[in-house]
Structures are given as C-alpha cells and as structure tokens.
Amino acid sequence: VQLAESGGGSVQFGGSLRLTCTASLPTYSTYSMGWFRESSSKEREMVATIDSLRTKTYADSVKGRFTISQDDVKNALYLDMNDLEPEDTAMYYCAAATDKSTYFYDNNPLRRYNVWGQGTQVTVSS
C-alpha cells in the first residue's frame with residue numbers, strides 16, 4: 001500500500017495551494033484519511049481528517065482556510081489551502097487508517113493512521 005503526495009511548493013503570504021494524495025489502495029476501504037504536517041519547530045500534528053462517513057475534522061489553526069476532500073473514483077485525497085501563512089510552512093504528509101483495531105482503540109491520533117506517504121514540502125514566505 002502506497003500513498004504519494006504532490007502539489008507542494010513555495011508561495012507568498014495569502015497564497016493558495018492544492019495538495020493531492022494518490023493512493024494505491026481503494027480509498028473507500030479506509031476508516032479515515034488525513035493530512036498531517038511537521039516542521040523544524042513543531043512535532044507532527046493533525047491538519048485535517050475525513051472518515052468513512054465523510055465527517056471532517058480540522059485543526060483550529062486551519063479552520064476556515066483549508067478544505068479536505070476525498071475522491072473514491074480517483075482514489076485520491078486533497079487538501080485545498082487558502083490564505084496561507086508563514087506558520088503553515090511544513091512538510092505535509094498524507095495518511096490512511098486501514099487497521100480497524102488501531103484506528104478505533106489507539107488513543108494516539110498519529111498512531112491511528114498506519115499508512116503514510118513520503119511528504120510534500122510547503123513553504124510560505126511573508
């Protein structure tokens with residue numbers, strides 16, 4: 001099972017980017033998929049997730065600016081990012097939860113996702 005992110009890049013403050021995650025597994029079969037980010041100053045954190053009921057969850061810092069979506073025909077996950085800020089600079093990772101026991105019973109929000117991509121860098125300049 002593989003996840004491949006694309007769409008990262010360098011933008012200026014207030015700019016927009018669309019991240020794409022292409023999956024080698026049927027995305028409809030996952031319990032949840034999500035976007036996470038990690039920077040030199042912050043540990044890996046949840047940005048946005050979408051579960052099998054299409055319930056979306058966002059980090060407070062991106063609410064109203066980022067939108068997560070999933071296309072089960074294309075087996076793809078997207079993150080539309082608007083009004084980007086320098087604080088959004090990070091490596092962005094796509095992840096999928098395919099293991100039932102870890103997703104529903106692990107309290108660690110990162111460990112609930114057992115498949116990870118290699119990441120795509122987003123850099124926002126002021």
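- Residue Pro86 comes nearest to Ser126 through the heavy atom pair CG-CB, 3.9 Å, listed as atom of the first residue, atom of the second, then distance.
- Closest non-hydrogen pair, Ile68 versus Lys56, comes out as O-NZ, 3.1 Å.
- Separation of atoms OG1 (Thr22) and CG (Asn75) is listed at 9.0 Å; rounding is to 0.5 Å.
- Cluster membership check: Trp116 does not share its hydrophobic cluster with Met33, using side-chain heavy-atom separations under 4.5 Å among Ile, Leu, Val, Met, Phe, Trp and Tyr.
- The closest side-chain heavy-atom distance from Tyr92 to Glu5 is not below 4.5 Å.
- Hydrophobic clustering (side-chain heavy atoms under 4.5 Å, transitive across Ile, Leu, Val, Met, Phe, Trp, Tyr) groups Leu84 together with Val62.
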Worked verdict on Glu45 versus Phe36 for side-chain contact (heavy atoms from CB on, under 4.5 Å): CA-CA 5 Å; Glu45 61 178 0; Phe36 298 76; over 6 Å; no

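- At least one donor-acceptor pair under 3.5 Å links the side chain of Thr89 to the backbone N or O of Val124.
- Atom CG in Asp80 sits 8.0 Å away from atom OG1 in Thr20 (nearest 0.5 Å).
- Identified under the side-chain hydrogen bond (donor to acceptor under 3.5 Å, both in side chains) test for residues 6-17, with sequence neighbours left out: Ser16-Asn82.
- Between Val115 and Gln2 there is no side-chain heavy-atom pair separated by less than 4.5 Å.
- Counting heavy atoms from C-beta on, the side chains of Asp88 and Met81 never come closer than 4.5 Å.
- Val122 and Gly8 get closest at one heavy-atom pair: CG2-CA, 4.2 Å.
- Under the 4.5 Å side-chain contact rule for hydrophobic residues, Val47 and Val11 share a cluster.
- Of all the heavy atoms in Ser32 and Ile50, the pair that sits closest is OG-O, 3.1 Å.
- In this structure Phe104 satisfies the ring-ring contact (aromatic ring centres under 6.0 Å, His included) test together with Tyr31, sequence neighbours excluded.
- Taking both residues in full, the closest heavy atoms of Glu38 and Glu43 are given as CG-C, 4.2 Å, listed atom of the first, atom of the second, then distance.
- Minimum heavy-atom separation, Tyr113 to Gly34: CE2-N, 4.1 Å.
- Between the CG atom of Asn114 and the OG1 atom of Thr102 there is a distance of 5.0 Å, given to the nearest 0.5 Å.
- For Trp35 and Phe66, the distance between ring centers is not under 6.0 angstrom.
- Interatomic distance, Leu77 CG to Ser69 OG, rounded to the nearest 0.5 Å: 7.0 Å.
- Within the model, atoms OG1 of Thr120 and CG of Leu17 stand 8.5 Å from one another, a figure rounded to the nearest 0.5 Å.
- Tracing side-chain contacts under 4.5 Å through hydrophobic residues (I, L, V, M, F, W, Y), one never reaches Leu3 starting from Tyr103; they form parts of separate clusters.
- Considering only residues two or more places apart in sequence or on other chains, Asp72 meets the side chain to side chain donor-acceptor pair (under 3.5 Å) condition with Thr27, Arg54, Gln70.
- For the pair Arg37 and Tyr93, the minimum side-chain heavy-atom distance is 4.5 Å or more.
- Under a hydrophobic clustering in which Ile, Leu, Val, Met, Phe, Trp and Tyr are joined whenever their side-chain heavy atoms come within less than 4.5 Å, directly or via other members, Met91 and Leu19 fall into different clusters.
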